[in-house]
> 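Here it is: the structure, laid out below.
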Protein chains: 2
Amino acid sequence: MAKDGKAAARGKQERLVSAAVELAHRQGYRKTTLADLAEAAQVPLGNVYYYFKTKDDIGEAIVQHRESEFEAMRAHLDGLPTPKARLVAFVDMTMRNAATVAKHGCPMGSLCAELLKDGGQLAERSNALFAKPMDWMERQFSALGYADAAADLTLQLQSSLQGASLMTQSFRDPALLEREGRRLKSWIEAL
Amino acid sequence: MAKDGKAAARGKQERLVSAAVELAHRQGYRKTTLADLAEAAQVPLGNVYYYFKTKDDIGEAIVQHRESEFEAMRAHLDGLPTPKARLVAFVDMTMRNAATVAKHGCPMGSLCAELLKDGGQLAERSNALFAKPMDWMERQFSALGYADAAADLTLQLQSSLQGASLMTQSFRDPALLEREGRRLKSWIEAL
DNA sequence: GTCTATATTCTGATAGAC
DNA sequence: GTCTATCAGAATATAGAC
């Protein structure tokens, strides 16, 4: 029996979102044209507008996809026994992406920076990329017994990771993120 | 006597570079069109090409302008008596920009991120924005007696400042950069 | 050196056939 | 639901008069 329309639609929409997420990371959101997207997702150009009314809608879908990626990661991290182990594992996962970060930047940070400079509606949404991870970090630091300093420690950890990611991308050297990652893991262990 | 051509040319070129630097910070390099530039600098559109053959040439001029800004800042910092005082003053100057950073990001960091995503020639040049400040920091840490760890300490300081700037811009909250700045100053003092 | 007018290309978006 | 053809506007860049 033939695929019905809706199933095909879902398949195409998913392909479009996947392609948008990947292309926005590799070559930037703004630089990614609807033609690039259509080609990568194997969907005819004009048809993209059946799934997304505007390019901003695609940006929103990218942000939501990145948010859900963190939720999946969080589900895994929360399986670990201690807050310390969870925070260290978080840093570890970032470090393992060092090679990709050196090429295209942090998937969240570089997108956030781009949406902020773009201005408009999406700039307001950009901090959604950081909000959930930082809420999660803050809970871990609180559970570690640093309830009062949790917000500061979170800012410190997230800033270091984001800044190190930018340096890593700028100098195209994965070793930078690995060095900062090692330091941050020791710092967490010693808390 | 009337202004001769060359003097006028210099004036216009300077106006164009100033406008480019400011607009690239406020609304992004890519988003800034040659028409925006021409209007801001009070130069007719087509005439921009007398001074810059391509838009990339304008990007290069922006990078060079930012580099020279650091040189001016460095000249001032090097007048301070101790490496510690110089590093603290550097952090202080960044902190004083917190309100602007909250609106438009770090003048160097946000430009760097944008040029990196843009790809092309300018992406290779983007780390010039960090190279000189980081060389300078490394010399300060060395002079402080941390010759072996100077590169790590520099990476740590620069990452924290850049990451905190991104958080500050994303959440539109100058207090974030101020909090990280205070922490970093204490950290330097305690070295 | 300076400026106007315009060429060229590309991009987001739409109209309408199937 | 799907796709082709195309529009309208903008952006970079150039040609050539003054």
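Atom set for the values below is all heavy atoms of this structure, side chains included, hydrogens, waters and symmetry mates excluded. Convention: sequence-line order gives letters A, B, ...; per-chain numbering from 1. Since we're looking at a predicted model, the values are computed, not measured.
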> Below 4.0 angstrom from OP1 or OP2 of dG1(D), is there any side-chain N or O of Y50(A)?
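Checking dG1(D) against Y50(A), a side-chain N or O does come within under 4.0 Å of OP1 or OP2.
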
> Restricting to pairs with a member in residues 144-170 of chain A, which pass ring pair (Phe, Tyr, Trp, His ring centres under 6.0 Å), not counting sequence neighbours?
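Pairs touching residues 144-170 of chain A that pass the test: none.
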
> Report the residue from K31(A), K55(A), R30(A), R125(A) that forms a salt bridge (charged side-chain N to carboxylate O under 4.0 Å, His left out) with D118(A).
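Filter result, single survivor: R30(A).
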
> What pairs of residues pass the ring pair (Phe, Tyr, Trp, His ring centres under 6.0 Å) test when at least one of them lies in residues 15-35 of chain A, not counting sequence neighbours?
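Checked against ring pair (Phe, Tyr, Trp, His ring centres under 6.0 Å) - neighbours excluded - the pairs reaching residues 15-35 of chain A are H25(A)-H104(A).
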
> dT2(D) P sits how many Å from Q13(A) CD, rounded?
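About 11 Å, once rounded to whole Å.
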
> Can you list everything that forms a side chain to side chain contact (heavy atoms under 4.5 Å, CB included) with D152(B)? Sequence neighbours excluded, please.
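So D152(B) forms a side chain to side chain contact (heavy atoms under 4.5 Å, CB included) with R179(A).
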
> Scan nucleotides 11-15 of chain D against the protein and return all N/O pairs shorter than 3.5 Å with their distances rounded to 0.1 Å.
| from | atom 1 | to | atom 2 | distance (Å) |
| --- | --- | --- | --- | --- |
| dT12(D) | OP1 | K55(B) | NZ | 3.3 |
| dT12(D) | OP2 | L34(B) | N | 2.9 |
| dA13(D) | OP2 | Y49(B) | OH | 3.3 |
| dA13(D) | OP2 | K55(B) | N | 2.9 |

> Strictly by ring pair (Phe, Tyr, Trp, His ring centres under 6.0 Å), give each pair with a member in residues 151-185 of chain A just once, sequence neighbours left out.
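For residues 151-185 of chain A: none.
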
> Does E189(A) have any side chain to side chain contact (heavy atoms under 4.5 Å, CB included) partners at least two apart in sequence or in another chain, and if so, which?
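Partners of E189(A) under the side chain to side chain contact (heavy atoms under 4.5 Å, CB included) test: K84(A), V88(A).
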
> Throw together a table of side-chain donor-acceptor distances under 3.5 angstrom for residues 93-103 of chain B, partners on residues two or more places apart or in other chains.
| from | atom 1 | to | atom 2 | distance (Å) |
| --- | --- | --- | --- | --- |
| T94(B) | OG1 | F90(B) | O | 3.2 |

> Round to a whole Å and report the spacing from CG of L16(A) to C1' of dG12(C).
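Atom CG in L16(A) sits about 15 Å away from atom C1' in dG12(C).
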
> Given atom CZ of F52(B) and atom C1' of dG1(C), what is their separation to the nearest angstrom?
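Whole-Å distance recorded here is 16 Å.
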
> For T33(B), which residues count as a side chain to side chain contact (heavy atoms under 4.5 Å, CB included) partner, sequence neighbours excluded?
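Checked T33(B) against side chain to side chain contact (heavy atoms under 4.5 Å, CB included); matches are A35(B), D36(B).
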
> For DNA chain D, what residues of residues 20-29 of chain B have any heavy atom nearer than 4.0 Å?
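Heavy-atom contacts with DNA chain D come from no residue of residues 20-29 of chain B; none.
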
